[in-house]
Structure formats: structure tokens, C-alpha cells
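Structure first, then comments.
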Amino acid sequence: MDYGNSGSGYMNTSFDGSNKSGSSTGYTRKPMGEQTLRPLTVKQIKNCEIPQDQTFKVDGSDVTQTTFVGVIRGIQELATNYVYTIEDGTGAIEVRKWVEQNETAEEADARRAITVDTYVRVNGRINSFSNRVTIVCHTLRPITDFNEITYHLLDTIETHLRFAKPSHGSRMDIDSTSGSMSIMERVAETIQTIGESPEGCSVDQIVFKLKGLYTESDIRQTVDTLQQEGVCYATIDNEHVKSCQP
């Protein structure tokens, strides 16, 4: 599922909503593991744990970037940003989208075309001020295929169960023999080893490399999990991935 129109799911946007470039401004990009794009419901977002270091936790795991779907119930237009009230059936939350200074006429028209009662997918960063949880939006786009809403809800359920109720006897989580590598470690290592080209490696190559150790279904499920956890990312299409590790 394409969570946005940025390709890999990682945004070159600073955590205060501006577009600062890396080293010259003193802005430090957070570790890759803290930039994982996690599917959530509004209720999960609003009920997240908020430690003093502003590292939000859902199901006991760190969450920085999130993606969710909902319908716009209100829009407030300000000088430098738009504030959307978005509801998904589990609750409503405020989403702030900054207006780019170099916004083109086409981009402005597309933004204004998103009106109240439009179903949208939001990619953004969880933010908290005075114990009030909001979203700083990176991308917001209309939903054109309503199957995406059902897919997202199933995705949030599966992800919640994976973190809240670790599976028992799953080949993804248990080493085949004591002291050996898990399937996630082995697939991640394979992606890093054979995916040195700009387009990375194909899933078929990974399946062939690990033939006899794991089933194709287990390998493909592991690749999906590694992408969700920020270990690798899709390149030229959904069948090619590249490791995030140097």
C-alpha cells in the first residue's frame, strides 16, 4: 500500500514543521528506527504514552511518524498553515499542515480542492503541547479507492497485535535452532549483502538466496515487516528493496 507520494516514507522535513537541510542548520536527523511510519487509529494516537523526552509510545514501542485515514470535519485557514479536524470513527484529532513558501499554483489548487467531508490519508509526526496531542502533517491526500480505508483498519489491527501480543511459535520471531539467526535478522542481512545497487535487490532474489530455510510466504511477510520497522525501503517498485543500513 502506498502511504503517500514521497516514495520511501521518510520525509526531509524538520521536526518543527519547517524544511531545514541537515548539517548547515544544526538540525540532526533522528536515528532510522525512530522514523518508522506506523499505521494507527486516532484513538491510538490520542492515548499514546508521552514521556518527558517526547518519545511517544504505543503498545510499549516508540512511535514518531504515523499514517492514518479519516474524514475531514473542519478546516481552519491561517496565514501560514491549515488546521484540519479529522475523524476516523475512533475519535477526532487536529492536523496542522504548513503551507510551503514555494508552493506552485497547481499545488495550491490541489490543497484547496480538499474540503470538508473528504476522506484523506495523513502522513505526519505526533506532537504534544500542554498534554494535547496533535499531528504535524507531512502529506495529506484524498482517498480515491475506499478499499484503502478497510485496508488501513486491518493494517492497524495486525500491527497492534504484533506489538501488544507477540506471537508464540511464529517462524518470524523464533530462531530455528538455539543461538542461530532469526528470519528477520537473516532477511535483513541478505538485503544488505546482495542489494548494493541503487535499485537494491528483488524479493525473488531474497527468496532464492534463502531457499530451503524459509517459505516464500514467510520471507515476503518478513520483508513487509522490515519495511514497516524502517530497516529497508522499496525502490523502483514494491518488489525491490534496499537496506537502510550503510
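The first residue of the sequence shown is numbered 1, and numbering continues consecutively from there. Note that these values count all heavy atoms, side chains included, but never hydrogens, waters or copies made by symmetry.
Using a 4.5 Å heavy-atom threshold, the side chains of Leu154 and Glu158 count as separate. Under the 4.5 Å side-chain criterion, counting only non-hydrogen atoms from C-beta, Leu140 is in contact with Ile114. The closest side-chain heavy-atom distance from Leu213 to Leu210 is below 4.5 Å. With a 4.5 Å cut-off on side-chain heavy atoms, Phe68 and Ile135 count as touching. Side chains of Thr156 and Gln44 form a contact here, defined as non-hydrogen atoms less than 4.5 Å apart. Two residues are said to be in side-chain contact when any heavy atoms from C-beta on lie closer than 4.5 Å; Val120 and Val69 fail this criterion. Side-chain contact between Thr67 and Val122 is absent, with no heavy atoms from C-beta onward closer than 4.5 Å. Put simply, the side chain of Trp98 reaches to within 4.5 Å of the side chain of Thr80, judged on heavy atoms.
In this structure, the side chain of Thr90 engages the main chain of Lys43 through a donor-acceptor pair within 3.5 Å. Judged purely by atom type and a 3.5 angstrom limit, Gln192 has no side-chain atom pairing as donor or acceptor with the backbone of Glu189. Listed for the Asp237 side chain is a donor-acceptor partner under 3.5 Å among the backbone atoms of His240. Put simply, the side chain of Gln227 never gets that close to the backbone of Asp224: no donor and acceptor are under 3.5 Å apart. Distance alone, capped at 3.5 Å, is enough to place a donor-acceptor pair between the Glu87 side chain and the Gly89 backbone.
Using a 4.5 Å cut-off between side-chain heavy atoms of Ile, Leu, Val, Met, Phe, Trp and Tyr, with links allowed through other members, Val71 and Ile143 fall into the same hydrophobic cluster. Residue Tyr84 is grouped with residue Val99 when hydrophobic side chains (ILVMFWY) are merged at heavy-atom distances under 4.5 angstrom, including chains of intermediate members. A single hydrophobic cluster is not seen to contain both Leu153 and Ile86; linkage of ILVMFWY side chains at heavy-atom distances under 4.5 Å, directly or through other members, places them apart.
For the residue pair Val133 and Ile93, the shortest heavy atom distance occurs at O-CG1, 3.8 Å. Between Ile191 and Cys201, the shortest heavy-atom distance links the atoms CA-SG, 4.0 Å. Heavy-atom minimum distance, His138 versus Gly124: CD2-CA, 3.6 Å. Listed here is the closest heavy atom pair of Cys232 and Ser243: CB-CA, 4.1 Å. Shortest non-hydrogen contact noted between Gly230 and Cys244 is O-SG, 3.3 Å. Looking at every heavy atom in both residues, Glu107 comes nearest to Thr104 through OE1-N, 3.0 Å.
With respect to the salt-bridge test (charged N to carboxylate O, under 4.0 angstrom), the residues Asp155 and Arg38 do not qualify. At a threshold of 4.0 Å, the pair Arg111-Glu103 counts as salt-bridged, since one of the basic side-chain nitrogens sits closer than that to a carboxylate oxygen. With respect to the salt-bridge test (charged N to carboxylate O, under 4.0 angstrom), the residues Glu196 and Lys242 do not qualify. Between Arg162 and Asp59 there is no salt bridge, since none of the side-chain N atoms of the basic residue sits less than 4.0 Å from a carboxylate O of the acidic one. Look at Lys97 and Glu77 and you find no salt bridge, because none of the NZ, NE, NH1 or NH2 atoms lies under 4.0 Å from a carboxylate O. Salt bridge annotation for Arg220-Glu239: present, with a cationic side-chain nitrogen under 4.0 angstrom from a carboxylate oxygen.
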Output, in order, the C-alpha distance, side-chain angles, deciding distance and verdict of side chain to side chain donor-acceptor pair (under 3.5 Å) for Tyr214 and Arg186.
CA-CA 10 Å; Tyr214 311 104; Arg186 198 177 295 275; 3.2 Å; yes
Given Thr139 and Asn123, is the side chain to side chain donor-acceptor pair (under 3.5 Å) satisfied, shown in steps?
CA-CA 5 Å; Thr139 63; Asn123 293 340; 3.2 Å; yes
Evaluation steps, side-chain contact (heavy atoms from CB on, under 4.5 Å), between Ile75 and Tyr82
CA-CA 7 Å; Ile75 302 175; Tyr82 276 50; 3.9 Å; yes
Checking salt bridge (Lys or Arg N to Asp or Glu O under 4.0 Å) for the pair Glu94/Arg132: CA distance, chi angles, key distance, verdict?
CA-CA 10 Å; Glu94 180 181 287; Arg132 182 164 176 259; 2.9 Å; yes
For the pair Thr64 and Ile126, evaluate side-chain contact (heavy atoms from CB on, under 4.5 Å) and give the outcome as yes or no after the intermediate values.
CA-CA 6 Å; Thr64 302; Ile126 302 176; over 6 Å; no
Begin with the C-alpha distance, continue with both residues' side-chain angles, and end with the deciding distance and a verdict on side-chain contact (heavy atoms from CB on, under 4.5 Å) for Val83 and Asn81.
CA-CA 7 Å; Val83 180; Asn81 61 84; 3.5 Å; yes
Determine, stepwise, if the pair Ile72 / Thr85 fulfils side-chain contact (heavy atoms from CB on, under 4.5 Å).
CA-CA 6 Å; Ile72 297 174; Thr85 300; over 6 Å; no
Side chain to side chain donor-acceptor pair (under 3.5 Å) between Asn147 and Thr150: does it pass, once the steps are laid out?
CA-CA 5 Å; Asn147 288 322; Thr150 303; 5.3 Å; no
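Taken from OG1 in Thr118 to CZ in Arg73, the straight-line distance is 10.5 Å, to the nearest 0.5 Å. Separating the OG atom in Ser128 from the NZ atom in Lys46 is a distance of 12.0 Å, to the nearest 0.5 Å. A distance of 9.0 Å separates OG1 of Thr225 from CD1 of Ile183, quoted to the nearest 0.5 Å. Rounding to the nearest 0.5 angstrom, the gap separating the CZ atom in Phe208 from the CD atom in Glu216 is 13.0 Å. Summarising the geometry, atom OG belonging to Ser61 is positioned 9.5 Å from atom CD belonging to Glu49; distances are rounded to the nearest 0.5 Å. Taken to the nearest 0.5 Å, the OH atom of Tyr119 stands 5.5 Å off from the CD1 atom of Ile149.
Tested against Val241 for a side-chain contact (heavy atoms from CB on, under 4.5 Å), the candidates Ile206, Val231, Thr235, Leu226 yield a single pass: Ile206.
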